[in-house]
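Right, one structure below, let's go through it.
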Amino acid sequence: ITSDEDVRIVPIYTNGVLAEASFETINGVELFVTTYEYVNGRLFTAEIETAAGQPWTKFMFQYNAGGNVSRTETYLANPLQGNQLEFAGSVTYTYDDKLNPLHAAKDLLHLLWIPSSPNNALTEIHKDENNELEETVNYTYQYHKNNTPKSAVIQSTAVGENPVNSNLTFTYF
């Protein structure tokens, strides 16, 4: 995968499972590397290190009984503490019981550090490093007869701000 900025992502699989991804320039200069860890077949962590081997960011994922990501925690490098990562915030999720068509592309989503769940997110609650509310996101879907999403209205409300609505249309090939 190559971005408009000529940065490419090179995935590495071990035993058919996404294990690592190198982010590099089009000329092959490594910028950073993501290492993926799985527990019981589910992505547990995605840890990003600079090309020099310095920790940069880490995502940790928790799951509910239905296999959906129930919580994501983000950890960021503290420039004053060398190689230490510090808790930077979390997102908790709720889901519908309908098929999430993007789940079939979970490896691609994982390359971009986006959690993948078999059902569609209904809510996201974003909290900062002090567990203070930052933003709430609500999804309202219209479904096709086969229970896949046709469209959605996404309402994002940052603390102290008015809600912002966005429309999303799903197109299938």
Side-chain angles (χ1 to χ4, degrees), residues 1-95 100 102-137 139 154 156-161:
I1 299 172
T2 303
S3 75
D4 291 341
E5 292 80 28
D6 289 334
V7 173
R8 66 181 174 189
I9 305 171
V10 180
I12 299 167
Y13 287 83
T14 302
N15 298 321
V17 176
L18 179 63
E20 190 175 286
S22 176
F23 288 68
E24 53 192 51
T25 67
I26 201 74
N27 299 327
V29 176
E30 190 172 79
L31 303 170
F32 50 91
V33 174
T34 303
T35 304
Y36 303 91
E37 178 187 357
Y38 297 84
V39 173
N40 297 324
R42 296 180 179 151
L43 182 62
F44 180 65
T45 62
E47 190 162 355
I48 302 114
E49 291 185 347
T50 67
Q54 300 292 319
W56 182 47
T57 305
K58 181 176 184 178
F59 299 101
M60 296 187 73
F61 305 99
Q62 298 172 13
Y63 294 83
N64 64 21
N68 293 302
V69 176
S70 59
R71 179 179 167 96
T72 299
E73 294 180 352
T74 304
Y75 296 81
L76 298 174
N78 179 339
L80 303 176
Q81 296 293 323
N83 291 336
Q84 292 185 357
L85 294 173
E86 293 184 354
F87 179 73
S90 65
V91 180
T92 55
Y93 307 87
T94 63
Y95 295 89
N100 175 2
L102 296 175
H103 188 59
K106 66 183 175 187
D107 279 3
L108 174 63
L109 295 173
H110 292 168
L111 284 173
L112 303 172
W113 313 308
I114 300 171
S116 175
S117 292
N119 301 111
N120 303 293
L122 291 175
T123 62
E124 298 177 11
I125 308 296
H126 297 251
K127 294 187 177 180
D128 67 13
E129 69 276 6
N130 297 313
N131 206 31
E132 297 291 326
L133 181 65
E134 289 183 315
E135 179 182 28
T136 302
V137 181
Y139 298 82
I154 305 166
S156 301
T157 308
V159 172
E161 301 289 327

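For reference, positions follow the sequence shown, starting with 1. What you see below is based on every heavy atom in this structure, not just the backbone, and it leaves out hydrogens, waters and symmetry mates.
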Once rounded to the nearest 0.5 Å, what's the spacing between atom [atom1] of [X] and atom [atom2] of [Y]?
X: L85; Y: I48; atom1: CG; atom2: CD1; result: 9.5 Å
X: K127; Y: S90; atom1: NZ; atom2: OG; result: 6.5 Å
X: H103; Y: N120; atom1: NE2; atom2: CG; result: 11.5 Å
X: E134; Y: N131; atom1: CD; atom2: CG; result: 10.5 Å
X: I26; Y: D6; atom1: CD1; atom2: CG; result: 5.5 Å
X: L112; Y: D107; atom1: CG; atom2: CG; result: 11.0 Å

Hey, do the aromatic rings of F87 and Y75 have their centres closer than 6.0 Å?
->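 Yes, the ring centres sit under 6.0 Å apart.
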Are the aromatic rings of F23 and W56 close, with centres under 6.0 Å apart?
->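 They do not qualify: ring centres at least 6.0 Å apart.
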So, [X] and [Y]: side-chain donor and acceptor under 3.5 Å apart, yes or no?
X: N78; Y: Q84; answer: no
X: N100; Y: N119; answer: no
X: E47; Y: T35; answer: no
X: T94; Y: T123; answer: yes

Side-chain heavy-atom pair [X], [Y] within 4.5 angstrom cut-off:
X: V7; Y: T25; result: no
X: K58; Y: E73; result: no
X: V10; Y: E24; result: yes
X: T157; Y: E135; result: no
X: I1; Y: L111; result: yes
X: Y63; Y: N40; result: no
X: W113; Y: Y36; result: yes
X: T74; Y: L76; result: yes

Minimum heavy-atom distance between [X] and [Y], given as atom pair plus value:
X: F32; Y: T50; value: CB-CA, 3.9 Å
X: T45; Y: L43; value: O-CD1, 3.3 Å
X: L133; Y: I125; value: CD1-CG2, 3.6 Å
X: Y95; Y: N64; value: CD1-ND2, 4.2 Å
X: K106; Y: S116; value: CB-OG, 3.3 Å
X: P118; Y: G67; value: CD-O, 3.4 Å

For E124, all residues meeting side chain to side chain contact (heavy atoms under 4.5 Å, CB included), sequence neighbours excluded = V91, Y93, H126, V137, Y139
Name the orientation class of the two ring planes belonging to H110 and Y38 (parallel below 30°, tilted from 30 to 60°, perpendicular beyond 60°).
-> tilted
Report, as yes or no, whether the 6.0 Å neighbourhood of atom CG on N130 holds more than 12 heavy atoms from other residues, nucleotides or ligands.
->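 Count over threshold, so yes.
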